[in-house]
Amino acid sequence: MSEVTGRPAAASAGPTSRPSVIQLVFREKGALYAAYIPLLQDGGLFVPTTREYKLGEDIYLLLSLPDDPQRYPVAGKVGWITPANASGGRTQGVGVRFPNDEKTRLLKNKVEELLGTQLQSAKPTQTI
């Protein structure tokens with residue numbers, strides 16, 4: 001099961017606020033598989049949350065992968081929203097699109113390497 005802890009970023013004095021920071025901890029590969037979004041060109045993850053987000057909103061993830069002590073910072077954007085009471089019993093949350101940069105490409109490769117053949121699985125996920 002993945003573990004999500006988040007703290008809303010403090011609103012700044014100006015008209016824009018800082019992106020929220022969410023710690024996303026995957027303790028097992030099955031949870032990572034359920035959250036990973038290979039359909040997005042640069043990759044992405046589903047983040048279960050009850051907080052309201054808008055499409056395109058900045059979101060900052062601190063990602064922990066199974067059996068890896070390192071935390072990976074990801075400055076993503078909300079790519080889709082699963083609202084409360086979504087059909088099919090889907091979990092409320094947002095899909096976070098990874099940025100198109102070298103550091104995140106390496107992270108995407110690491111996630112896909114971890115998941116291996118599971119990426120071709122027909123098992124349902126929390127994603128699109």
Side-chain angles (χ1 to χ4, degrees):
M1 194 74 174
S2 64
E3 175 184 313
V4 177
T5 58
R7 55 187 185 280
S12 65
T16 59
S17 62
R18 293 177 34 212
S20 61
V21 177
I22 296 177
Q23 292 187 49
L24 194 55
V25 178
F26 292 100
R27 301 201 188 285
E28 53 192 50
K29 288 181 188 178
L32 180 59
Y33 166 80
Y36 183 61
I37 312 166
L39 295 176
L40 295 176
Q41 180 177 349
D42 299 308
L45 287 168
F46 175 78
V47 178
T49 181
T50 56
R51 181 176 165 193
E52 300 273 329
Y53 285 95
K54 293 181 175 76
L55 287 176
E57 188 171 340
D58 290 331
I59 189 166
Y60 192 80
L61 301 178
L62 285 174
L63 176 63
S64 297
L65 299 174
D67 303 320
D68 186 343
Q70 185 172 346
R71 290 192 338 182
Y72 300 91
V74 177
K77 292 197 177 287
V78 174
W80 97 84
I81 298 167
T82 303
N85 305 314
S87 64
R90 289 196 173 283
T91 302
Q92 181 179 358
V94 294
V96 177
R97 192 175 64 231
F98 288 174
N100 181 1
D101 63 31
E102 186 58 31
K103 189 172 75 172
T104 310
R105 265 192 293 283
L106 293 173
L107 175 60
K108 178 185 182 210
N109 291 341
K110 185 169 189 61
V111 167
E112 291 183 352
E113 187 177 295
L114 263 171
L115 294 177
T117 57
Q118 280 187 315
L119 285 173
Q120 281 73 46
S121 173
K123 286 190 329 190
T125 70
Q126 293 291 335
T127 69
I128 50 177

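FYI, the numbering just counts along the sequence from 1.
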Check: Lys103 side chain, Tyr72 main-chain N or O, donor-acceptor pair, under 3.5 Å: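 The answer is no, because no donor-acceptor pair under 3.5 Å joins these two groups.
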With sequence neighbours excluded, residues passing salt bridge (Lys or Arg N to Asp or Glu O under 4.0 Å) with Lys29: none
Where [X] and [Y] come nearest, the two heavy atoms and their spacing:
| X | Y | result |
| --- | --- | --- |
| Gly76 | Pro99 | CA-CD, 4.3 Å |
| Ala31 | Phe26 | O-CE2, 3.5 Å |
| Gln92 | Ala84 | OE1-CB, 3.3 Å |

Ala86: side-chain contact (heavy atoms from CB on, under 4.5 Å) partners, not counting sequence neighbours: Thr82, Pro83, Arg90
Would you give the length of the straight line joining atom [atom1] of [X] to atom [atom2] of [Y], rounded to the nearest 0.5 angstrom?
| X | Y | atom1 | atom2 | value |
| --- | --- | --- | --- | --- |
| Ile22 | Ile59 | CD1 | CD1 | 3.5 Å |
| Arg97 | Leu39 | CZ | CG | 14.0 Å |
| Leu61 | Gln23 | CG | CD | 10.5 Å |
| Asn100 | Leu40 | CG | CG | 12.0 Å |

Within-4.5 Å side-chain heavy-atom neighbours: [X] and [Y]:
| X | Y | result |
| --- | --- | --- |
| Tyr36 | Leu45 | yes |
| Arg71 | Ser64 | yes |
| Thr104 | Asp42 | no |
| Asp68 | Lys110 | yes |
| Phe98 | Ile37 | no |

Are Leu55 and Val74 connected in a single hydrophobic cluster, I mean Ile/Leu/Val/Met/Phe/Trp/Tyr linked by side-chain heavy atoms less than 4.5 Å apart?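 Per the 4.5 Å side-chain linkage, Val74 and Leu55 are co-clustered.
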Which one of Asn109, Leu115, Leu114 satisfies the side-chain contact (heavy atoms from CB on, under 4.5 Å) criterion with Val111?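 Only one option passes, and that is Leu115.
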Heavy atoms of other groups near Glu52 CD, more than 12 under 6.0 Å: no
Lys/Arg-Asp/Glu bridge criterion (N-O < 4.0 Å) met for Glu102, Arg105: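 Salt bridge between Glu102 and Arg105, a charged N being under 4.0 Å from a carboxylate O: yes.
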